[in-house]
Asks: 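Quick one: structure below, then a few questions.
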Amino acid sequence: MNTSSPDARQTASEPLMTGSQALLESFLIEGVDTLFGYPGGAIIPVYDALYDYRDRLRHILVRHEQGAVHAAQGYARVSGRVGVCLVTSGPGATNTVTGLADALMDSTPLVLVTGQVGSELLGTDAFQETNFVGITQAVTKWNCQVKRVEDIPAAIAKAFYVARSGRPGPVVVDITKDAQCGVAPFRYEKLVSIRSYVPVPQPDPACIEEAARLINEAQRPLVMAGQGVLLGNAEAELQEFLAKSGMPVASTLLGLSAVPTDSPQYVGMLGMHGNYGPNIKNRDCDLLIAIGMRFDDRVTGNPAHFGENAKVIHLEIDPAEIGKIIQADVPVAGNVRETLPLLTARIRRRDHGDWIAEFRACDRIEQERVIQPALHPAGGRIRMGEAVDTVARAYDNDAVLVTDVGQQQMFAARYFGFRRTRSLVTSGGLGTMGFGLPAAIGAKLGAPERNVVLFVGDGGLQMTIQELGTIFQSKVPVKIVLLNNSFLGMVRQWQELFYDSRYSFTELVNPDFGLIARANGLGYRCVERREELADAVAEMKESQGAFLLEVRVESEDNVFPMVPAGAPVAEIRLE
């Protein structure tokens, strides 16, 4: 970093500060109010300074550094702000790598500050030294190491600018211990641009005109809304575009809640465990309008057959995603909040009611063959789908839904329903088991006025179960629904369907979750009988603090519909 050294020209507007104080003051200038972290030797100076900032910066002490990053992700996803973490060097830093990879895949804005050994010890294999900048180059949007106290403010300003601008992502700032302890005048300038870095490309007017022409001529179009709508704060612009175009709209997993699920134009979720209509009608579309989504393989299935009879318009802020998986006939680079109104102004008002009716016919097939049996089974043990539906109705589909990864994730995404934006927090691209519990903590702290409900399986819960201690200490009133089937359910489903039911090491012998919940100060109830489920959900909802509701569900329940791996999405299976 090229920052001038302190000298005799220091003014009152540039007070002397330690590097640790400068870091915390920089956080305040960037609007940070919450930190997630875990102290250790190489970050002690920052934690010592934080002692005097406790009235301005809330610190959440997690139980594992991976939990700090996932909690910061949950905070960022519901609040729209940058999540911030503090950890020490060596294993403290390396424990965050999974969270960083998850945040990069899902475009979540984070700033992770790691302590590092003193600069004189770099490269000596000192105690708890790792080359963390080298380790994290592949899982961050940008990273740097700071060795001088004078460089801390500029590094933090760049970190926040890079993390939140353009396509968001995680940033790492690794600060040596001597830089944390040194003293220099503090000056801070928020960054508004970086030479050669273009976070938001300018749309090509010719592409806008061509896209509008295709939209006006299309007879069977489908809008596919991704998380870019949420990240770009473009929900209102999308609604105006849909109202004028009259087109049906489907959502990716991470795009859920960008459009209310009860909208008359909403036709369901795309992808492997998505709704029947948007998958089966894919082959009938003559135009696909992808808005802020990257054509993940879980959405496209076999890309050679995705939208094979359709022209493709791709609205995307990251030019690297355009044409990477599905070739775009018309690329529209830019922030969708800016490009959507340009399209809306140029398209004709249309009514695609007859085309939408074809999706509703698919809905009726799915309702009869999939949804009805999942939500209202004839007998047997409680099913995951009916548990999700019972909770969703209790919260009137107006809670922040957090999920772990696996069958409960897909059941929750399918059956919860969304009325407001930024209402889903889940691990999409990386599919990180253990994500849910710490992410729910962060989500509740990021949106304290909203109800936050976590759905988690018995496998995923035990990966980060230590974060129940964070809930206990920080008194975070998260509601946890544990769907316990004593299996690693999604892997078991694949073993059943594609590996002749050879359940190789997917059955779990679980501990007494009630004892664990009570030991961590959570309310707890366990239900196995269907007739007790609604009452138990009501008890959970009415509880003032954190609550763990364990629902013992059918062990061999499967998520349908399902697109087999490598198959075209139009070959979706209903059973």
Asks: Taking all heavy atoms of Lys190 and all of Ile29, pick out the closest pair and write down the distance.
Replies: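 Answer, listing the atom of Lys190 first, then Ile29: CE-O, 3.2 Å.
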Asks: Just so I know, are the side chains of Gln145 and Ser119 near enough to count as touching, which here means a heavy-atom distance under 4.5 Å?
Replies: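 No - every pair of side-chain heavy atoms lies 4.5 Å or more apart.
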Asks: Glu189 and Ala157: which non-hydrogen atoms are nearest, and at how many Å?
Replies: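 Taking Glu189 first and Ala157 second, the nearest heavy atoms are O-CB, 3.4 Å.
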Asks: Does Phe127 have more than 12 heavy atoms from other residues, nucleotides or ligands lying within 6.0 Å of its CZ?
Replies: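 Not buried by this count: 12 neighbours or fewer within 6.0 Å.
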Asks: Can a side-chain donor-acceptor contact be found between Glu25 and Tyr53 if the only test is distance below 3.5 angstrom?
Replies: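 Yes, side-chain donor-acceptor contact under 3.5 Å.
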Asks: Does a side-chain heavy-atom distance below 4.5 Å link Asn484 with Ser486?
Replies: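 Answer yes - side chains close enough.
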Asks: Given Leu522, which of Ile480, Val478, Ile516 fulfils the side chain to side chain contact (heavy atoms under 4.5 Å, CB included) condition?
Replies: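 Per the side chain to side chain contact (heavy atoms under 4.5 Å, CB included) rule, the option paired with Leu522 is Ile480, out of Ile480, Val478, Ile516.
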Asks: Are Tyr161 and Pro199 close enough that some pair of their side-chain heavy atoms sits under 4.5 Å apart?
Replies: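 Yes; the side chains approach each other to less than 4.5 Å.
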Asks: Going by side chain to side chain donor-acceptor pair (under 3.5 Å), Asn143 matches just one of Thr114, Thr136, Asp174. Which one?
Replies: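 When side chain to side chain donor-acceptor pair (under 3.5 Å) is applied between Asn143 and each of Thr114, Thr136, Asp174, only Thr136 qualifies.
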Asks: Decide yes or no for Leu253 and Met410: does some side-chain heavy atom of the first lie under 4.5 Å from some side-chain heavy atom of the second?
Replies: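 They are in contact (side-chain heavy atoms under 4.5 Å apart), so the answer is yes.
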Asks: Inspect the surroundings of CG in Asp125 and state if more than 12 heavy atoms from other residues, nucleotides or ligands are less than 6.0 Å away.
Replies: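 For Asp125, atom CG is not crowded (no more than 12 foreign heavy atoms under 6.0 Å).
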Asks: Is it the case that Ser89 and Lys177 place a side-chain donor and acceptor less than 3.5 Å from each other?
Replies: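 No, no side-chain donor-acceptor contact under 3.5 Å.
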Asks: Kindly list each side-chain donor-acceptor pair under 3.5 angstrom involving residues 39-46, sequence neighbours excluded, with atom names and distances?
Replies:
none

Asks: If you measure only the distance, is there a donor-acceptor pair under 3.5 Å linking the side chains of Thr426 and Thr403?
Replies: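 Thr403 and Thr426 do have a side-chain donor-acceptor pair below 3.5 Å.
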Asks: Could you grab the distance from atom CG of Leu57 to atom CG of Leu35, nearest 0.5 Å is fine?
Replies: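 Rounded to the nearest 0.5 Å, the CG-CG separation comes to 5.0 Å.
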Asks: Can you check whether Ser427's main-chain N or O pairs, donor with acceptor, with Gln409's side chain at less than 3.5 Å?
Replies: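 Answer holds: yes.
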Asks: Would a 4.5 Å heavy-atom cut-off, applied to side chains only, mark Leu401 and Phe455 as touching?
Replies: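 A side-chain contact under 4.5 Å exists here.
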Asks: Verify the distance criterion only: is there a donor paired with an acceptor across the side chains of Gln408 and Asn485 at less than 3.5 Å?
Replies: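 No, because no side-chain N or O of Gln408 sits under 3.5 Å from a partner of the opposite role on Asn485.
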Asks: Would you check if the side chain of Lys479 reaches a backbone N or O of Asn451 as a donor-acceptor pair within less than 3.5 Å?
Replies: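 No, because the side chain of Lys479 does not come within donor-acceptor range (under 3.5 Å) of the backbone of Asn451.
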Asks: Tell me which pairs pass side-chain hydrogen bond (donor to acceptor under 3.5 Å, both in side chains) where either residue lies in residues 33-48, with sequence neighbours left out.
Replies: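 Residue pairs passing side-chain hydrogen bond (donor to acceptor under 3.5 Å, both in side chains), neighbours aside: Asp33-Tyr75, Asp33-Arg81, Thr34-Arg58, Tyr47-His59.
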Asks: So how far is it from Asn520 CG to Ile471 CD1, rounded to the nearest 0.5 Å?
Replies: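 Between atom CG of Asn520 and atom CD1 of Ile471 there are 8.0 Å.
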Asks: Side chain of Thr96, backbone of Gly99: donor and acceptor closer than 3.5 Å?
Replies: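 Checked: no pair found.
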Asks: If we ignore hydrogens and angles and just use 3.5 Å, is the side chain of Arg63 paired with the main-chain N or O of Gln466 as donor and acceptor?
Replies: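 No: the side chain of Arg63 does not pair with the backbone of Gln466.
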Asks: Any Lys/Arg nitrogen of Arg420 or Asp398 sitting under 4.0 Å from an Asp/Glu carboxylate oxygen of the other?
Replies: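 So Arg420 pairs with Asp398 through a salt bridge.
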Asks: Under a 3.5 Å distance rule, please check whether Arg422 uses its side chain to pair with a backbone N or O of Arg77 as donor and acceptor.
Replies: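 Yes, the answer is positive, given that a donor and an acceptor are paired below the 3.5 Å cut-off.
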Asks: Which atoms form the tightest heavy-atom contact between Glu316 and Asp318, and what is the distance?
Replies: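 Looks like OE2-N, 3.0 Å.
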Asks: Are any side-chain N or O atoms of Gln66 and backbone N or O atoms of Phe435, one a donor and one an acceptor, separated by less than 3.5 Å?
Replies: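 Pair absent, no side-chain N/O of Gln66 close to backbone of Phe435.
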Asks: Determine yes or no for a side-chain-to-main-chain donor-acceptor pair under 3.5 angstrom, with Lys444 supplying the side chain and Ala439 the backbone.
Replies: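 No, Lys444 side chain to Ala439 backbone: no donor-acceptor pair under 3.5 Å.
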Asks: Under the 3.5 angstrom rule, does the side chain of Asp102 hit a backbone N or O of Thr98 as a donor-acceptor pair?
Replies: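 No, because the side chain of Asp102 does not come within donor-acceptor range (under 3.5 Å) of the backbone of Thr98.
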Asks: Minimum heavy-atom separation for Ala517 and Leu548, please, with both atom names.
Replies: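 Answer, listing the atom of Ala517 first, then Leu548: CB-CD2, 3.7 Å.
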Asks: What distance separates Leu533 CG from Leu549 CG, expressed to the nearest 0.5 Å?
Replies: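 So the CG of Leu533 and the CG of Leu549 are separated by 7.0 Å.
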Asks: Quick one: closest heavy-atom pair of Pro153 and Arg187, and the distance?
Replies: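 Answer, listing the atom of Pro153 first, then Arg187: CB-O, 3.3 Å.
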Asks: State, yes or no, whether a side-chain contact exists between Met433 and Met490 at a heavy-atom distance under 4.5 Å.
Replies: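 SC-SC contact between Met433 and Met490 ruled out.
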Asks: Can a donor-acceptor pair be found, under 3.5 Å and without considering hydrogens, that links the side chain of Thr390 to the backbone of Ala534?
Replies: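 No.
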Asks: A cation-pi test, strictly: NZ or CZ of Lys541 under 6.0 Å from the centre of the six-membered ring of Tyr395 and no more than 45 degrees from its axis. Yes or no?
Replies: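 Satisfied, under 6.0 Å and within 45°.
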Asks: Given side chains that start at C-beta, do those of Thr470 and Pro438 come closer than 4.5 Å, heavy atoms only?
Replies: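 In short, these two side chains do not touch, never coming nearer than 4.5 Å.
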Asks: I'd like to know if Arg525 and Asp535 make a salt bridge, using a cut-off of under 4.0 Å between side-chain N and carboxylate O.
Replies: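 Judged by the 4.0 Å cut-off on N to carboxylate O distance, Arg525 and Asp535 do form a salt bridge.
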Asks: Which value, rounded to the nearest 0.5 Å, describes the distance between Gln21 atom CD and Cys181 atom SG?
Replies: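 SG of Cys181 is found 11.0 Å from CD of Gln21.
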Asks: How far apart are the closest heavy atoms of Val84 and Ala72, and which atoms are they?
Replies: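 Minimum heavy-atom contact is N-CB, 4.1 Å.
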Asks: Just one of Val229, Asp106, Val425 clears the side chain to side chain contact (heavy atoms under 4.5 Å, CB included) bar with Leu254, so which one?
Replies: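 Of all the options given, the one that passes is Asp106.
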Asks: Looking at Ile194, is its backbone amide N or carbonyl O close enough to the side chain of Lys158 to form a donor-acceptor pair, meaning the two atoms are under 3.5 Å apart?
Replies: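 Not at all, since once roles are kept as given, no pair shorter than 3.5 Å links the two residues.
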Asks: Just wondering, do Ile156 and Val113 contact through their side chains at under 4.5 Å, heavy atoms?
Replies: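 In contact.
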